[in-house]
Amino acid sequence: MNRLELFKQIKEAIEKGRNFFVSGHQNCDGDSLGCTLAVSSLLKKLGKNVYAYSKDRPGEDLLFLPGLDTVHFGEMPENQNFDTMFLLECSDKKRGGDFEELFANAKQILNVDHHITGEEYGTVNYIEPKASSTAEIIVQLFEFLNINPGPKEATCLYTGLVTDTARFLHSNTTAESLRCSSYMLECGADITTINNVLYNTRSYKEIKLLGRALEKLVLHHDKKTAEITLKEEDFKDFKIDPRYTQGIVSRPVKIPSVEVSVLLREEPDRVAVNLRSKGKIDVSAIAYKFGGGGHARAAGFKLLGAKIETVKKDLLKEIKEAISKLK
Ligand SMILES: [Mn+2]
């Protein structure tokens, strides 16, 4: 189905709906939370009742997002009878949380996503892997509805665009994502705050952890694979939460020989893995084998109760196989 037809269906669903449940994915990032806020605000402008939800709270670096106080973090509504669910960045039904009862009661499910692994569980499925971010799709939705985002919505959507493209560095950066970003600036996105908070602020602990991570960097497979493994004691040494590893995995991709970079993190009850590719290897396909997903150049997965050394061994084997298929 073409883009305009899908936007028409979303528009009709918005017109029909009265009580909306809006959510992004668990462990929210700038795109999923930015979109949750912008869509919630849009729906409220249109006179709808909105319950904005996010299973997890964001890291400190996203606390500047305007409207965060309107989001229910980890707090499901008592009455789960919503006629419309608006899910953003949820590549499957469970990505946002435990929504079984909501799904059973909803008449309309709007599924808007840009992950290539996205499942079509909605009554309308707008899944566009060519979009840099879900924010890019939501900007286009505002345009389709002929509504200009206000400065707050623009700040939220620009955040989605800038974070998912890694500051317009990844190959998902297109003329369209730059156009949408430019339009958000016109609408008053606060890029001074965004740039300062997201890219010019790192705590002492984070900088120290980065140092530890780079020290632990190892190259495999004829220097084509870079691997960093951070164990529980590394996080303990700096009294830092394992979620503060942002940006570490992309560093080794700068090494000319490296095609794939992996970061393994040992967390209390699970192993979390981030993968980055220089472009020749689709790391989302590798992540998918371990129950995860993502994009061709950036993907990840988490394994509950797994042993980090086992995960590392299995993962390196998969990567080796992918590398051996390169010409
Ligand atoms: Mn995204």
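In listed order, ligands and their atoms are each counted from 1. Computed from heavy atoms alone, side chains included, the values below leave out hydrogens, waters and symmetry copies. Being a predicted model, the structure only gives us computed values, none of them experimental.
- At a threshold of 2.8 Å, the Mn ion (ligand 1) has a backbone or side-chain N, O or S atom of H114 nearer than that distance.
- Among the backbone and side-chain atoms of D31, an N/O/S atom is found under 2.8 Å from the Mn ion (ligand 1).
- Counted by atom type alone, H115 and D113 present one or more donor-acceptor pairs between their side chains at under 3.5 Å.
- Classification of E309 and K231 as a salt-bridged pair holds, one side-chain N sitting under 4.0 Å from a carboxylate O.
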CA sep, side-chain torsions, deciding dist, call: I14, I10, side chain to side chain contact (heavy atoms under 4.5 Å, CB included): CA-CA 6 Å; I14 292 174; I10 294 175; 3.9 Å; yes
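- Using a 4.0 Å cut-off between charged nitrogen and carboxylate oxygen, E176 and R179 count as a salt-bridge pair.
- At a cut-off of 2.8 Å, D113 is not counted among the residues with an N, O or S atom near the Mn ion (ligand 1).
- Note on ring orientation: taking the six-membered ring where Trp is involved, the planes of Y51 and H72 are parallel (angle under 30°, cut-offs 30° and 60°).
- Taking the Mn ion (ligand 1) as reference, E89 places its N/O/S atom OE2 nearest.
- Its N, O or S atom nearest to the Mn ion (ligand 1) is what matters here, and for D164 that atom is OD2.
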